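These figures come from a predicted structure and were not determined experimentally.
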Amino acid sequence: MKLYSFWRSLATFRVRIALNLKGLAPEMASIHLQKEGGLNRKPEYRAINPHMRVPALALDNGDVLIQSLAIIEYLDETHPQPPLLPKEPKARARVRGLAQLIACDTHPLIVPRVREYLAHEYNVDEPGVLKWGHHWHKAALTALETHLSGSRQTGRYCQGDQITVADICLAGQAVGAAYFKCDIGPFATVKRIVDTCMQNDAFARAHPLKQPGAPHQI
């Protein structure tokens with residue numbers, strides 16, 4: 001397998017965590033999303049992923065998978081240990097809901113193409129873009145804290161005491177919040193779960209700042 005990645009990408013961070021949890025170590029290819037005329041816009045990568053985004057996971061037979069949640073579920077189905085979704089249907093739905101709140105509702109609002117559009121089309125300056133990202137992260141963290149702190153299903157992790165895709169997404173949410181100077185400290189349950197996750201080597205090794213090309217700090 002070959003994972004097309006970018007150190008800052010939160011979506012690829014999720015996939016790296018899942019790969020680490022499954023004990024998989026694909027070849028890595030860096031696709032810089034923030035350079036003018038970057039590799040993601042070149043024909044070679046557009047042939048791999050016409051959407052020109054990461055992550056993309058090229059399988060050994062040449063097939064390419066896109067979108068982090070779809071890739072994670074594929075990995076979970078093909079490498080079932082440790083499982084990243086609960087067996088019980090209601091618990092699975094809850095985990096998917098928490099994951100999608102992050103990956104589908106919040107993350108799309110703060111990705112590079114949205115920030116670039118705000119800057120280029122609406123002349124939003126850098127502080128304005130930062131304020132935009134901060135707003136959406138705080139809104140998501142508020143909702144997540146309410147869900148997690150108010151549910152008897154929350155345990156050591158988002159769903160009981162087993163790491164799931166919800167925890168993978170929550171770790172990405174926390175890193176993304178740091179990008180936009182949004183402190184997760186006031187969100188006690190979120191912070192506790194994130195801190196617990198980051199003590200796990202699979203999460204720690206996948207952290208954006210530990211990837212090739214990353215700066216020493218955000």
Side-chain angles (χ1 to χ4, degrees), residues 7-23 68-69 71-73 75-76 81-111 130-131 133-211 214 216-218:
W7 73 264
R8 187 182 167 99
S9 165
L10 301 178
T12 315
F13 177 33
R14 298 177 202 132
V15 173
R16 288 196 302 266
I17 294 169
L19 287 164
N20 289 345
L21 288 168
K22 300 294 185 180
S68 63
L69 295 186
I71 293 171
I72 290 170
E73 290 213 23
L75 294 172
D76 204 39
Q81 296 301 322
L84 298 178
L85 283 167
K87 290 183 178 180
E88 197 274 318
K90 195 182 297 182
R92 288 170 77 90
R94 179 174 180 268
V95 164
R96 284 186 169 124
L98 291 169
Q100 289 174 23
L101 189 159
I102 297 165
C104 303
D105 283 356
T106 306
H107 185 213
L109 294 169
I110 53 87
V111 293
L130 184 67
K131 184 178 180 180
H134 185 282
H135 168 81
W136 293 114
H137 274 291
K138 187 175 181 180
L141 289 165
T142 301
L144 287 163
E145 180 66 26
T146 302
H147 278 296
L148 293 168
S149 64
S151 175
R152 291 176 297 175
Q153 297 178 70
T154 303
R156 187 170 184 230
Y157 298 104
C158 290
Q159 180 71 30
D161 296 327
Q162 177 72 34
I163 290 171
T164 67
V165 66
D167 302 291
I168 291 173
C169 289
L170 193 68
Q173 177 73 36
V175 171
Y179 289 167
F180 291 93
K181 314 301 181 188
C182 184
D183 182 15
I184 70 168
F187 307 97
T189 311
V190 168
K191 186 176 187 306
R192 174 184 62 77
I193 294 172
V194 169
D195 288 347
T196 302
C197 287
M198 294 311 298
Q199 292 172 14
N200 185 302
D201 181 66
F203 284 76
R205 284 190 292 115
H207 193 284
L209 294 183
K210 293 190 177 179
Q211 307 312 305
H216 294 301
Q217 61 184 12
I218 295 171

Side chain to side chain donor-acceptor pair (under 3.5 Å) filter on Gln100, not counting sequence neighbours, yields none
CG of Leu10 to CD1 of Ile102, rounded to nearest 0.5 Å, is 10.5 Å
Minimal heavy-atom distance between Pro208 and Ala214, with the atoms involved, is O-CB, 3.3 Å
Closest non-hydrogen atoms of Gln159 and Gln153, given as atom of the first, atom of the second and distance, are NE2-OE1, 3.1 Å
(Q) Using a 3.5 Å distance criterion without hydrogens, assess whether the side chain of Thr12 forms a donor-acceptor pair with backbone atoms of Trp7. (A) no
List the atom pairs, with distances to 0.1 Å, where a side-chain N or O of residues 197-207 and a protein N or O form a donor-acceptor pair under 3.5 Å, not counting sequence neighbours.
from: Asn200; atom 1: OD1; to: Ala202; atom 2: N; distance (Å): 2.8
from: Asp201; atom 1: OD2; to: Arg205; atom 2: NE; distance (Å): 2.5
from: Arg205; atom 1: NH1; to: Asn20; atom 2: OD1; distance (Å): 3.4
from: His207; atom 1: ND1; to: Leu209; atom 2: N; distance (Å): 3.0

Residues pairing under salt bridge (charged side-chain N to carboxylate O under 4.0 Å, His left out) where one sits in residues 139-159, two or more places apart or in two chains, turn out to be none
Those residues at least two apart in sequence (or on a different chain) that pass side chain to side chain donor-acceptor pair (under 3.5 Å) with His107 are Arg14
When rounded to the nearest 0.5 Å, the distance separating CD1 of Ile184 from CG of Leu170 is 7.5 Å
Could you give me the CA-CA distance, side-chain angles and deciding distance for Ile110 and Tyr179, then say whether side-chain contact (heavy atoms from CB on, under 4.5 Å) is met? CA-CA 10 Å; Ile110 53 87; Tyr179 289 167; over 6 Å; no
Side-chain donor/acceptor pairs under 3.5 Å, residues 134-143, sequence neighbours excluded:
from: His137; atom 1: ND1; to: Gln173; atom 2: NE2; distance (Å): 2.7
from: His137; atom 1: NE2; to: Gly176; atom 2: O; distance (Å): 3.3
from: Thr142; atom 1: OG1; to: Lys138; atom 2: O; distance (Å): 2.8

The ring-ring contact (aromatic ring centres under 6.0 Å, His included) partners of Tyr157 (sequence neighbours excluded) come to none
d(Arg16 CZ, Ser9 OG) to nearest 0.5 Å is 7.0 Å
Exercise. Hey, are the side chains of Ile168 and Leu21 touching, using non-hydrogen atoms and a 4.5 Å cut-off?
Worked result: yes
Salt bridge (Lys or Arg N to Asp or Glu O under 4.0 Å) filter on Arg96, not counting sequence neighbours, yields Glu73
Taking every heavy atom of Val95 against every heavy atom of Leu84, the minimum-distance pair comes out as CG1-O, 4.5 Å
| message | Evaluate Thr154 against Arg94 for side-chain contact (heavy atoms from CB on, under 4.5 Å), listing each step before the verdict. | response | CA-CA 10 Å; Thr154 303; Arg94 179 174 180 268; 2.9 Å; yes
Closest non-hydrogen contact found for Cys158 with Ala166 is CB-CB, 3.9 Å
All heavy atoms of Leu101 vs all of Asp105, minimum pair found to be O-CB, 3.2 Å
Sorted by chain and number, sequence neighbours left out, salt bridge (Lys or Arg N to Asp or Glu O under 4.0 Å) with Lys191 holds for Asp195
side-chain hydrogen bond (donor to acceptor under 3.5 Å, both in side chains) pairs touching residues 160-171, sequence neighbours excluded, are Thr164-Asp167
Correct closest heavy-atom pair for Leu85 and Asp76 would be N-OD2, 3.6 Å
Problem set entry | Derivation of the side-chain contact (heavy atoms from CB on, under 4.5 Å) call for Leu148 and Val190 | CA-CA 7 Å; Leu148 293 168; Val190 168; 4.1 Å; yes
For residues 83-92, the side-chain hydrogen bond (donor to acceptor under 3.5 Å, both in side chains) pairs (sequence neighbours left out) are none
